[in-house]
Protein chains: 2
Amino acid sequence: MGSRPDFSYVAKLMADSSRAAMLEALLGLDGLPANELARKANISLQTASGHLAKLVEGNLIRVEKYGRHRYFRLASSDVAQAIETLTVIAPSPSINSLKDFSRLEKVRIARTCYDHLAGKLGVLLTEAFIEKGYLEEGEVDFLVTDMGEKFFHDFDIDLDALRNKRRYFARKCLDWSERRYHLAGSLGNAVLVKLLDLRWIEKLPDRAVKVTKTGRVGLYESLGITDIQM
Amino acid sequence: MGSRPDFSYVAKLMADSSRAAMLEALLGLDGLPANELARKANISLQTASGHLAKLVEGNLIRVEKYGRHRYFRLASSDVAQAIETLTVIAPSPSINSLKDFSRLEKVRIARTCYDHLAGKLGVLLTEAFIEKGYLEEGEVDFLVTDMGEKFFHDFDIDLDALRNKRRYFARKCLDWSERRYHLAGSLGNAVLVKLLDLRWIEKLPDRAVKVTKTGRVGLYESLGITDIQM
DNA sequence: TTTATACTTCGATTATAACCGAAGTTTTCA
DNA sequence: TGAAAACTTCGGTTATAATCGAAGTATAAA
C-alpha cells in the first residue's frame, strides 16, 4: 500500500450530499459566500461552515477574503474534472414515467447551468461562436476576437462592463450531458440574459429552457444554428 | 434538482477505505475472488461480501460466476478513469523510508492504468504520438490522423477492429503522477498489449512496468523517446 | 463606541454504516 | 449422500460524523 495517493480521502469529501450540493453550486465557477452555499445545500450556516472548512482543508475549494466577506470557489479545474468524471459513472436520475423522461430530455437539450446556458443548446451556441470566429478557445477561458467584439457589440452586449465585474469573463465549462465545453462566466450570463430578453428562449421548470419560434429563426439567421429538436 | 446524475452516490462508494483498497486491487484488471479482496483490505470475508454487494449494486464492479467461484472486476474503464482522476487531487502519500520512495518512483515512471499505460512512460508515448503527427488532441478524445492510420497499421494494430468494439476508442485520461494526459480506450489497450508482446516492457509488482533493453532501442528508433530513466 | 453582518466554534443529539460472530446457502467433489 | 469450499445474510455492537442551537469572533458601518 501507500505507493499511491489515497483517493478515498477525496471521495469521502465528495460523498456527503450537503458537500456535494455545495461543490455542484461551485461548478458554476463563480465564487459564492457561505450563506448562499448553505442555502443551496439546505443546511444551517453552522453546518455549512464545518463542511466548507473540511473542503478547504482537503484542497477541493479555496476561500478569498474581502473584509468580512469570504467567497469560496473550486481550488482548480482538476476538481471540476474529477466531479465530471464521477458524474459519468453515476446512475442517471431514475426514470419511472414518461413525464420523468421528457423532463430529463428537456434538461439535456437546453438548461441553465448556474447563470448561463448549458446542454445541447449551450454547446451548439458556443461552437457557433467559435465557428463564426467570434470566440477562440483557450486553456481555461474563451477569448473574444476582434470580430467577436463587433458581434457582441451589435448584439447589444457591453463587453467592457462585463470585464469589469469581479468574476470570470468567458470561462469554459464542461457539459456533463454533451461532454463538450460551453461558455460560462459573465459573458455566458450576458448571452443568456439577452436571449431571454429577446424571447428567443423561455425558462421551463427544473432549469430547463425551450427555444421559441422566434428564437429558432433568430438563431438560424444570426449564427446558422439549425438542429435543435424541440 | 435531481436532473443531474448524483456524483455523491459514487463518491460514497469510493469513500470507505476498505472499499477503496478493493477497487485499487481491481485496477490491476484481473478478476479477483472475494477472499483475496478481503485480504487486500484487511477485513473479514463477511464484511468484504457486504462491500462487494454495494459496489456491484452501484455498478462500479461486476461479478463473473464460474461454479462456486466468483471473480470480481471493474465494471468499465470509466471507473478506472474516475479513480485516476480523483487520485490527481488526492494528497500525496507520506514517504517515511527509502523503500517507500523507490517503490513510489517505480510507479511514477511507468505503470498500467486498468488496461493501458500510464505514468511518465504513458505520457511520453502519447506526446510522441502527437509530436510525430500520429494523434491530435481533441476535447475528450484523441484523434488518429492519416499518418497515424498508417503508423498504427505498420505497428500491426487494427484500428477498424478497435473502433468497432463497444467502448471508447482513443480516450484522454489524466495522469495523477504527471498531471498530463495519456492515451486510454481500446487504442491505449492495444498499444499496451503490443508493447508487452514485443517484450519492450515487462510487468513488475504493484502494477509498475519496466522498459527492457530491447524496448529502449525500439522506443528510440520508432518514436525518438530517450529520457526514461531506468 | 455601538450595532449589524458574516461567519466560526462548542456541545449535545441522532443517524448511519462498518464491523464481526454465528448461522445459512449454493456448488463441487468424493 | 455427506463434507468441504466459497460466499451471503442476520443481528447486535460500536465508531463516526452530520446536524443545529447557542455562544463567540472578526470586520464594517453608523
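Residue numbers start from 1 in every chain, and the chains themselves are labelled A, B, ... in the order their sequence lines are given, proteins ahead of strands.
Remark: A/K54 is not in phosphate contact with D/dA17, judged by side-chain N or O atoms under 4.0 Å from OP1 or OP2. Side-chain nitrogen and oxygen atoms of A/R70 include none within less than 4.0 Å of the OP1 or OP2 phosphate oxygen of D/dA26. Checking the phosphate oxygens (OP1, OP2) of C/dA18, no side-chain nitrogen or oxygen of B/S18 falls inside 4.0 Å. The side chain of B/S49 places an N or O atom within less than 4.0 Å of a non-bridging phosphate oxygen (OP1 or OP2) of D/dT8. Between B/T47 and C/dC20 there is a side-chain polar atom (N or O) within less than 4.0 angstrom of OP1 or OP2. Regarding contacts with the backbone of C/dT28, every side-chain N or O of B/H69 stays at 4.0 angstrom or more from both OP1 and OP2.
Nucleotide D/dT16 holds its C1' atom 12 Å from the CZ atom of A/R19, rounded to whole Å. Distance CG (B/L45) to P (C/dC20): 11 Å, rounded to an integer number of Å. When rounded to the nearest whole Å, the span between CG of A/N42 and P of D/dT19 equals 11 Å. Distance, A/K12 NZ to D/dA15 C1': 11 Å, rounded to whole Å. Between the P atom of C/dC7 and the OH atom of A/Y71 lies a distance of 8 Å, rounded to the nearest Å. Computed from coordinates, the A/L37 CG to C/dC7 C1' distance equals 13 Å when rounded to whole Å. Between the CD1 atom of B/I61 and the C1' atom of D/dC7 there is a distance of 14 Å, given to the nearest Å. One interatomic measurement links the two molecules: CG of B/L52 to P of D/dT8, which rounds to 7 Å at whole-angstrom precision.
One finds the CZ atom of B/R207 at 7.5 Å from the SG atom of B/C113 (value rounded to the nearest 0.5 Å).
Residue contacts shown for A/K65 are absent, as no nucleic acid heavy atom lies under 4.0 Å away.
Taking the six-membered ring where the residue is Trp, B/Y66 and B/Y71 present tilted rings, their angle falling between 30° and 60°.
The B/H51 side chain lies nearest to C/dC19 when the options are D/dA18, D/dC7, C/dC19. Minimum atom distance to the side chain of B/I43 is reached by C/dC20, of the listed D/dG21, C/dC20, D/dT19. For A/Q46, the side-chain atoms get nearest to D/dG21 when compared with the rest of D/dG21, D/dC7, D/dT19. Nearest nucleotide to the B/F72 side chain, out of C/dC7, D/dT8, C/dA18: D/dT8.
The backbone N or O of B/R199 lies less than 3.5 Å from a partner atom in the side chain of B/T212, making a donor-acceptor pair. Remark: side-chain polar atoms of B/T126 are paired, donor with acceptor, to backbone N or O of B/L183 under 3.5 angstrom. Side-chain atoms of B/D206 never come within 3.5 Å of backbone atoms of B/A208 as a donor-acceptor pair (strictly under, hydrogens ignored).
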